[in-house]
2 protein chains.
Amino acid sequence: MDKRKAILEAAVELIGAKGYTHTSMQQIADSVGISKGSLYSFFPSKEDLIISIYEHYQQLVFERAFVIGLDGDLPPYERFAKQFQVQFEGILEYKSYMKMHMRGETAQSSEKLESMGHRMRGRLFSWLERNLIDLYGENISPYKWDLMWMTQSIYTSYTGLMISSESNLSPKELGQHIVRQIDILANDFLSGNSRPLLDDDMMRPFSVGMDREGAFMSFEKREEAWKAIYERVNTLEEEKQYNLEVTNRISEESRKSNPDELVMRGLFQLLKENQKLKTAAEALEEQLL
Amino acid sequence: MDKRKAILEAAVELIGAKGYTHTSMQQIADSVGISKGSLYSFFPSKEDLIISIYEHYQQLVFERAFVIGLDGDLPPYERFAKQFQVQFEGILEYKSYMKMHMRGETAQSSEKLESMGHRMRGRLFSWLERNLIDLYGENISPYKWDLMWMTQSIYTSYTGLMISSESNLSPKELGQHIVRQIDILANDFLSGNSRPLLDDDMMRPFSVGMDREGAFMSFEKREEAWKAIYERVNTLEEEKQYNLEVTNRISEESRKSNPDELVMRGLFQLLKENQKLKTAAEALEEQLL
DNA sequence: GAACTTCTTGACTCATTAGTCATTTTACCT
DNA sequence: AGGTAAAATGACTAATGAGTCAAGAAGTTC
């Protein structure tokens, strides 16, 4: 019984529905079925609770897309669409969290949350940038901010649509739709018909480079580990396909809201049979388990 | 000495900067330089205050674009762009209000505010729809929701960019940019390359007014009457400012859920004093009462 | 300038809620 | 069963802030 997780889930549910200020610690405690004092033994303050919520859910939603991004087998266009798809699947799975996130109302300007938000936006943009360059090469550069900005706004608003209504928008179709629209806009820019409006200087607040480390260290280590294993797998001569499948299966399992630990261990065992993958596999296993 | 207006402005400033829940009535009173008791003689509650803010600023920002929309002299494409431009100009002028609006955090689910928000969204969409049909004719219909949705999201996110940064985005360029992007996407739909994702059924929550019997028709007549009065007022040589203020006050009152009929009649009487406004004022009065 | 009206004030009430801590309950060990 | 450590409880404190109202200030009229 992971009470901490139960609290996070109850809190997300309530805050997503009623907002941060209109959800009291008492209500959260009641909803989990524990006392307020007990709640405070897990989280020293309400602000800490909301920060923990973000820390808990952020990668759950975003890590998925990143992993797909590392899969070198898919052609760029399909990979990009697949990443959106996986993102939308995550959003559907964690609807309440996304609702809470999109409300955006939190404790009055917490340093920590603000820098976290900044980092997330930066991550989103650098992910988009990487995909744009994969798709169109370096000459998309002068138009990248306009494209990224429009993409981000379309993506965000479809996210809102998904979580608010009972619309049966399919993540797959939606992913393809968005990439298709980006493609049209990008080609128009590349053909020289449209002038860009945004530039590096204007978008400085959104380009987050190597600023402070901190809360996301572990997330980044995990990214590194994923990158390493995919790189190793791709250099294999024999059994490449097989090991890629195993790795993808691990990725899939790890994306579930409740990954089966035994399944994971077993899959890692399969990877570790191959001497060339052993180290990388162990490193990733340590990060995930 | 319009104290009411001063309160609205101070409140918008504070709420835009710190959010609704983190702005106390005391702070608002202090900022205007009056006492809390005095504040409560203008607005019976905090919720009433925020509702009045919306009532006051809504048309100040949006009315402009509607008036341009009724101008038949400009070709559709330019007219559409011009409408965006005017909208963005309004946004720049009322930055604090837009900040407040985009925060979106208000009293916990006020009936009144919710229906107001719904009406505004509906208005935005029907305005977009009219422009799309003017531009592309009826055969844009199957794709209208996708186009409107993307347009709205791009529009909103550029609005956010405008009010948050010191970016010197020019309203004119921005208007042209947005219409240009819509055009590209629309042409792609029309050429049959992309499939639409959204349909009437899905978007029912956003289509307002059209289904309720003649509501839309009378709405248009009313728009005509508004357009006429504003045009007349703007051609005045003397007392233009005064009559503009009266007209704005009528507009404000008419948007309340329970407009005070006597106040309205009195205001119209003021307008009718001016011979040049008499006919237009009477026409509008008939529409509203 | 007195009598009267209207406007303005800020100290007060009352409800809410974050956070604390002495006390009780449960879990575990021998 | 008895003893001890750990966990859970909820009554309590303190702060905040919406909304009230009696008393005082300012304005108006004759």
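Reminder, nothing fancy here: chain letters follow the sequence lines and each chain counts from 1.
Straight-line distance from the CZ atom of B:F42 to the C1' atom of D:dA18: 19 Å, rounded to whole Å. The distance from atom CZ of A:F43 to atom C1' of D:dA7 is 16 Å, rounded to the nearest whole Å. Atom CG of A:L39 and atom P of D:dT9 are 11 Å apart (whole Å). To the nearest angstrom, P of D:dA7 lies 15 Å from CZ of A:R4.
The CZ atom of B:F42 lies 11.5 Å from the CG atom of B:L49; values are rounded to the nearest 0.5 Å.
Across all strands shown, B:T23 has heavy atoms under 4.0 Å from sugar-phosphate atoms exclusively, and none from any base. At the heavy-atom level, A:S41 lies nowhere under 4.0 Å from the strands shown.
A cation-pi arrangement, defined by a distance under 6.0 Å to the six-membered ring centre and an angle within 45 degrees of its axis, is present between A:K46 and A:Y20.
Side-chain atoms of B:R232 never come within 3.5 Å of backbone atoms of B:A280 as a donor-acceptor pair (strictly under, hydrogens ignored).
Among the nucleotides D:dA18, C:dG19, C:dT9, the one closest to any side-chain atom of B:I34 is C:dT9. If you check C:dA18, D:dG10, D:dA18 against the side chain of B:M25, the one that comes closest is D:dA18. When each of C:dG19, C:dT8, D:dG19 is scored by its nearest atom to the side-chain atoms of B:S35, the top-ranked nucleotide is C:dT8. Relative to the side chain of B:K46, the nucleotides D:dG19, D:dT9, C:dG19 differ in distance, and D:dG19 lies closest. Closest approach to the B:Y40 side chain among C:dG10, D:dA18, D:dT9 is made by D:dA18 (side chain taken as heavy atoms from C-beta onward).
In terms of phosphate contacts, A:S38 brings a side-chain nitrogen or oxygen within less than 4.0 Å of OP1 or OP2 of D:dA8. Look at B:K36 and you won't find any side-chain N or O under 4.0 angstrom from OP1 or OP2 of C:dG10.
For the pair A:S24 and B:G33, both in contact range of DNA chain C, the more 5′-proximal nearest nucleotide belongs to B:G33.
Contact annotation: the side chain of B:V233 never approaches that of B:V246 to less than 4.5 Å [non-hydrogen atoms, C-beta and beyond].
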